[in-house]
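Computed from heavy atoms alone, side chains included, the values below leave out hydrogens, waters and symmetry copies. Since this is a predicted model, take the numbers as computed values, not measurements.
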Amino acid sequence: MKPPRFDYLLPGTLDEALGLLAQHGEDAKVLAGGQSLVPLLNFRLVRPAHLVDLNDIPGLDGIRVEQGRLAIGAMTRQRAVETSSVVRERCPLLAEAMPQIGHVQIRNRGTIGGSLAHADPAGELPAVVAALDGELVLRSRRGERRLAPHDFFVGYLTTAAAPDELLVEARVPVTPARTGTAFMEVSRRHGDFALVGVATSVTVDTGGVCTACAIALTGVGPTPVVAREASRALVGVKPTVDALADIGRRVASALTPDSDLHASAEYRQHLAGVLTRRALARALERVDGQPGAKERS
Amino acid sequence: MNERAIRVTVNGRVYERTVEVRKTLADFLRDDLDLTGTHLGCEHGVCGACTIVLDGAAVRSCLLFAAQVHGREIQTVEGLADGDRLNPLQEAFREHHGLQCGFCTPGFLMTLTCFLRDTPDPTEAQVREAISGNLCRCTGYKNIVTAALAAARRS
């Protein structure tokens, strides 16, 4: 299991990297943290002629808050996001999802941009960005595009990024007031890819009525699945135990997951319903001023 | 460009070599530097046997290319003992039978080296979480956890 031959290109600036991508197009692969790409190379499932390593480009990493959004540079290591106090305070959903990605050795090297651009249908980050209705910033010699998750994730391991485009930043809204969030997943072993994962965000008014709800799932389709209809059903009502169970059923019944070696379609569907109900309940506990909001993270 | 000249510090010693760019860091350590303490199990980032410390962080050396560590600092299992004297973590592994066949041991030691540096007084649950990315095919986890906790108490 050794990688095939490739040309190794180590640009020192973003401009240089975009030039290389424009020049080599589909013959080039971008190397970020390498935690998904290098296994594929070792198995020789991909054989790029050119490997463009982003690790020497300054300024592609970093976490900042601007205009109510958390902007995370594509080369920010997953571990840096996991341990960031800004992320924990401003976007607890993202903070909660991070430790569920692989293992610490993977997160020490793996990047935010790499994980999103790899677009694994069982990945945590695509579901988080989809639930929060984030934004993916793509750059090329031709200019900049900002895509919504729905437009960015187009299929199994496939994004809308053109061969000459580079994902340079992911942006998610800062969690608003009176909002609780939760990320939950079930995997066969800790650190494995999720069979099903659910990212939720719920906002309630002072009367305890839900004013906004978002649910996105991973592991149940070729891309992250946003359960818009089910989420809407919670808006305008008090999120009682029965209401949450109903949302869970709605989410599950709208899904058409695949069976594979790890879980049957029926089991995935069942998990999606149960995890949705539990994640919504956990999110509600975390809303400021709600009873049981002891672990506002 | 299929070869690159690199200069890298491994266990305090500076090495200058020319490497084929597709050579993984794990193969470079073993074949070029003769540091065969770093073991290769799965070669696709699952088993953790090849874990080394890169600039203070535990990473899989099978998922890095040697060409990527130019100018960086690496610690491998060979860097733990002082000559014939085991370090406290290694001593605890020996004392508590934290190794059976020993194949996975270098990876566990390097993972735990970083973990115990950052979490000097861990709970058992934290230790189990910390080593979740390392596989022991002898399934000798219990004694590995015991050894890690003993090492934490000792230092």
Side-chain angles (χ1 to χ4, degrees), chain A residues 1-12 20 29 31-57 75 77-80 82-83 99-111 114 118 187-193, chain B residues 1-4 6 19-28 31 40-72 107-108 110-115 118-119 125-135:
Chain A
M1 293 221 309
K2 305 296 172 190
R5 287 196 174 80
F6 51 77
D7 265 343
Y8 176 74
L9 304 167
L10 188 64
L20 290 169
K29 261 303 209 185
L31 176 62
Q35 304 301 289
S36 301
L37 177 58
V38 179
L40 293 173
L41 287 167
N42 287 358
F43 281 126
R44 302 200 179 192
L45 292 170
V46 292
R47 295 166 170 267
H50 311 277
L51 210 55
V52 181
D53 186 347
L54 303 183
N55 283 281
D56 251 22
I57 302 176
M75 284 299 288
R77 306 286 167 193
Q78 291 157 4
R79 180 71 175 162
E82 178 184 350
T83 55
Q100 308 194 44
I101 301 173
H103 304 282
V104 69
Q105 299 99 325
I106 301 290
R107 300 193 297 275
N108 274 336
R109 193 71 198 161
T111 65
H118 185 56
S187 54
R188 287 177 73 100
R189 285 162 303 220
H190 177 71
D192 278 10
F193 276 112
Chain B
M1 185 175 21
N2 280 316
E3 285 194 339
R4 278 185 97 87
I6 60 166
V19 294
E20 195 182 348
V21 292
R22 65 171 172 151
K23 179 169 272 184
T24 65
L25 175 58
D27 283 341
F28 171 74
D31 300 344
L40 275 167
C42 71
E43 295 187 69
H44 65 284
V46 173
C47 77
C50 71
T51 302
I52 54 106
V53 179
L54 173 67
D55 290 340
V59 296
R60 315 281 207 213
S61 62
C62 73
L63 299 186
L64 277 160
F65 296 112
Q68 295 184 284
V69 298
H70 174 64
R72 314 286 294 272
F108 273 95
M110 302 320 287
T111 295
L112 285 167
T113 294
C114 291
F115 170 71
D118 299 337
T119 319
Q126 285 175 313
V127 171
R128 288 186 181 277
E129 160 81 30
I131 62 171
S132 63
N134 292 75
L135 301 182

Legend entry - Side chain / backbone / both / neither for A:Leu37 at chain B, heavy atoms under 4.5 Å: neither
Inset, instruction - Can you establish whether the number of heavy atoms outside A:Phe193 located under 6.0 Å from its atom CZ is more than 12? - result: no
Legend entry - Atom pair NE2 (A:His103) and OG (B:Ser132), whose distance is rounded to the nearest 0.5 Å: 5.0 Å
Inset, instruction - Mark yes when over 12 heavy atoms from residues, nucleotides or ligands other than A:Lys29 sit less than 6.0 Å from its NZ; otherwise mark no. - result: no
Legend entry - B:Cys42 versus chain A, the contacting section by heavy-atom distance below 4.5 Å: backbone
Inset, instruction - Using side-chain hydrogen bond (donor to acceptor under 3.5 Å, both in side chains) as the criterion, list what pairs up with A:Gln100, not counting sequence neighbours. - result: none
Legend entry - Side chain proximity check, B:Arg60 to A:Ile106, heavy atoms < 4.5 angstrom: yes
Inset, instruction - May I have the step-by-step check of side-chain contact (heavy atoms from CB on, under 4.5 Å) for A:Leu10 and B:His70, ending in yes or no? - result: CA-CA 12 Å; A:Leu10 188 64; B:His70 174 64; over 6 Å; no
Inset, instruction - Output every pair passing side-chain hydrogen bond (donor to acceptor under 3.5 Å, both in side chains) with a member in residues 44-58 of chain B, not counting sequence neighbours, ordered by first then second residue. - result: B:Asp55-B:Arg72
Inset, instruction - Would you confirm whether B:Arg22, through its side chain, and A:Pro4, through its main-chain N or O, come within 3.5 Å as a donor-acceptor pair? - result: no
Inset, instruction - Using a 4.5 Å cut-off on heavy atoms from C-beta on, say whether the side chain of B:Leu64 contacts that of A:Val38. - result: no
Legend entry - B:Glu129 side chain reached by A:Val104 side chain, heavy atoms, under 4.5 Å: no
Inset, instruction - Find the distance between CD (A:Gln105) and CG (B:Asn134) and round it off to the nearest 0.5 Å. - result: 5.0 Å
Legend entry - Which of B:Leu40, B:Thr111, B:Val46 touches chain A most, by non-hydrogen pairs under 4.5 Å: B:Thr111
Inset, instruction - Could you look at A:Leu31 and say if it's the side chain, the backbone, both or neither that has a heavy atom under 4.5 Å from chain B? - result: side chain
Inset, instruction - Quick one: pull up CD in B:Gln68 and CG in A:Asn55 and give me the separation to the nearest 0.5 Å. - result: 5.5 Å
Legend entry - Closest heavy-atom pair and its distance - A:Asn42, B:Glu43: ND2-O, 2.7 Å
Inset, instruction - Grab the two heavy atoms, one from B:Phe65 and one from A:Leu51, that are nearest each other, plus how far apart they are. - result: CE1-CD2, 3.8 Å
Inset, instruction - Please indicate whether A:Arg44 has more than 12 foreign heavy atoms, meaning atoms of other residues, nucleotides or ligands, lying under 6.0 Å from its CZ. - result: yes
Inset, instruction - Identify the two heavy atoms, one from B:Asn2 and one from A:Phe6, that lie closest to each other, and give their separation to 0.1 Å. - result: OD1-O, 2.7 Å
Inset, instruction - Would you check if the side chain of A:Asn108 reaches a backbone N or O of B:Ala58 as a donor-acceptor pair within less than 3.5 Å? - result: yes
